[in-house]
Every structure is written in C-alpha cells, then in structure tokens.
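One structure is given here, and the rest of the page talks about it.
Keep in mind the model is a prediction, meaning the values are calculated, not measured. Note on naming: letters A, B, ... go to the chains in the order of the sequence lines (proteins, then strands), and numbering restarts at 1 for each one. Scope of the values below: all heavy atoms of this structure, side chains included, with no hydrogens, waters or symmetry mates.
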Number of protein chains: 2
Amino acid sequence: MAADSYSISDLAREFEVTTRTLRFYEEKGLLAPVRSGNSRVYSSTDRVRLKLILRGKRLGFSLDESRDIITMYEPTTGNLRQLESLLAKIQEKRTVLEQRRKEIDSMLKDLRQTESMCLEALPKRSRKVAGRAGS
Amino acid sequence: MAADSYSISDLAREFEVTTRTLRFYEEKGLLAPVRSGNSRVYSSTDRVRLKLILRGKRLGFSLDESRDIITMYEPTTGNLRQLESLLAKIQEKRTVLEQRRKEIDSMLKDLRQTESMCLEALPKRSRKVAGRAGS
DNA sequence: GTTTACGTTTACGTTAACGTAAACTATACT
DNA sequence: AGTATAGTTTACGTTAACGTAAACGTAAAC
C-alpha cells in the first residue's frame, strides 16, 4: 500500500487547486477527510475521488453530478431494488457520455475541415512551418 | 435555400432555451441577428452558431471559449500570420478535445465496470429485467 | 377598441463554484 | 522568545450565465 495519507496542501499542489477548493468540496459532501486533531488528513481514496471530481469538471459536469457519478462507483451494499436503480442511472450517464463523445468527434471534424482550408490558403512555402502537428 | 429566417421565439422553441438566453448571447457578442424594425431576425447562419454554442456548452466550454471556437470556423480573410495563428489555435483546441475524449472513454470504462459488478450481484432471475440496454 | 400574442429595454435577483480576507491555533525552527 | 509555516473557521465578495419582473410598443383577432 502507498503512502495513503496526504495533507490538504499536498493535494492542492498535486492537482493545482487551492485549499479553499478542497474545503469547499468537503462542505458540499464530495470529500470527507479524516481529522488528526484539527487538521484534515486525506486518504488515497480521497485522492481518487478528487481526481474523479476534477475529471467530471473538465467534462462539463456539475459538482452535484460528479458526486452522483462517484457514488455509483462505490461498493453498493444495496438490495435488489437499489441495484436496479443504480443500473438505470448508469445507463443514463452512459447515454449522455456517448452523446458527448459524438459531439466531440463532430467538433474535431469541424476543426480538421477548417484546418485544411487554412492549409490550402497558405502559400506552399510556409507549410512546413505552420503545418500539421497531428499524429 | 431554406426559410433562412427565424424569430427569437422560433429559435427559443427549437433549441429549448429562453428568449432571455438568446438576447444574452447577443449581448455577449455570440449572435448578431438583423433587425426588422425593432425585432430581431435570425438567419440560418445565426441558427448554426446557436447550435455550436449549445454544443460547446454541453462539452463544458464557456461562452467565451465557444465564441473563440466559432470564429475559427468562419471565413478567414486573414493574412499569412493570422492564418498561422489560427492553425495554432486549432491545434490547441484539438489537443483539448482529444484529451477529453480520452477522459470520457475512461469514464465509460469505469461505468461498464461498475455495471458488470452490479450484474454479478443481481440474482440471475432478475437480469433480463434490469440488464443491458446497451447496443 | 381592447384583449392577446409577441416583441422590446432596463435592471435587479439568483445559483454554482469558488476567491479573498480576517482572526485565530498549533507546531517548528532559530 | 519570536517568527515563520501550515492549518483552521467565519464570512463577505466575485464571476458566469442566465432568471425574473416591470414597463412599454405593435399588430393581429375578436
């Protein structure tokens, strides 16, 4: 097992957020670090949760949505009805994510199109300078 | 050519936003409908722009970012230096988008994993009810 | 001719997601 | 002892992206 214990500024540094942000996430019920005296002590589980929160943010999910998604990943002690409801939620999120993936793809397509228009407009001589960095 | 002309409430209805939103986007320089007397008249170009704005939103881009992206798509009258700067911006956005696509994929992977854990936990009898809607 | 539907501007209100500052505590060097 | 470093709580401030309400114009419908 790894170090498994981080201070608030450890995580803040690593993920480039402020300590205020971490306390805010806790306030919102997204993180729940243990206390050592007065200070917060984050476990590696907390670290993972933070990672998921930030990933969610980048993908345009609200903190509330991220919390929902994260609780999906957690050990479900639930009964059958809860399991089925969880499965339904998963399907729902999956649909959303797959839709967004498509939108990203068409956005990329648009960008590539504009890009090639640009390249056509460029005098041949300049191409090796300005041209494709892609793959 | 299509109808090519929409009222503010036409677009509001079609895209399920309020008229306030459309006026707000205009205020922010994202849309620029023509006026007929006092009223706004949106062209099909405006409609496309709106579509792009909303897509950007779903993908977690701010309105400012969306405006930047949209102007990338537009006919570049620019000179060589402008073209090269545009190409650079495109590359940048492409990188971001490709990164997000990866993140979506790993999110989907996580969801699938949780899903199969759920399915394992379900008594066999229930599976045909709760099971896969996928594909 | 007035009600209904649709449009306008102006302006203050609201929510999410933090930023920022003040005032305080607890170790940890020097 | 003094001061730097890292932590805490409390609370008001800020920005983006609209919501909401007031007060008004205009044109068709009854």
R100(A) (side chain) donor-acceptor with R58(B) (main chain) under 3.5 angstrom: yes
R40(B) to Y25(B) six-membered ring, cation-pi geometry met (6.0 Å, 45°): no
Exceeds 12 heavy-atom contacts within 6.0 angstrom, atom CD of Q113(A): no
Side chain of S62(B) (C-beta onward), nearest among dG7(D), dG7(C), dA17(D): dA17(D)
D64(B) CG to dA17(D) C1', straight-line distance once rounded to whole Å: 11 Å
Nucleotide opposite dT3(D) in a Watson-Crick or G-U pair, distances under 3.5 Å: dA28(C)
Polar side chain donor-acceptor pair, D4(B) to S43(B), under 3.5 angstrom: no
Residue-phosphate contact under 4.0 Å: S7(B) side-chain N/O, dG7(C) OP1/OP2: yes
Per R35(B) side chain, nearest of listed nucleotides dA17(D), dT8(D), dT9(C): dT9(C)
NZ (K93(B)) with more than 12 external heavy atoms under 6.0 Å: yes
Nearest-Å distance for atom pair CD1/P, residues I53(A) and dA16(C): 16 Å
Nearest-angstrom distance from the residue atom CG of L63(A) to P of dC18(C): 6 Å
Donor-acceptor contact present, side-chain R47(A) to main-chain Y6(A), <3.5 Å: no
Length of the line joining D10(A):CG and dT5(D):P, which is rounded to integer Å: 17 Å
Euclidean distance, atom CG of residue N38(B) to atom C1' of dT10(C) [Å, nearest integer]: 14 Å
dT9(D) phosphate, OP1 or OP2, under 4.0 Å from R40(A) side-chain N/O: yes
R81(A) CZ: over 12 foreign heavy atoms closer than 6.0 Å: no
Residues in contact with DNA chain C, drawn from residues 12-26 of chain A - heavy-atom cutoff 4.0 Å: T18(A), R20(A), T21(A), F24(A), Y25(A)
Phosphate-side-chain proximity, K57(B) and dA16(D), N/O vs OP1/OP2 below 4.0 Å: no
Gap between atoms CG and P, on L30(B) and dA16(D) respectively (whole Å): 13 Å
Pairing nucleotide - dC12(D), Watson-Crick or G-U, each distance under 3.5 Å: dG19(C)
Atom-pair distance (CD on E27(B); C1' on dA11(C)), nearest Å: 11 Å
Nearest-Å distance for atom pair CD1/C1', residues I8(A) and dA26(C): 16 Å
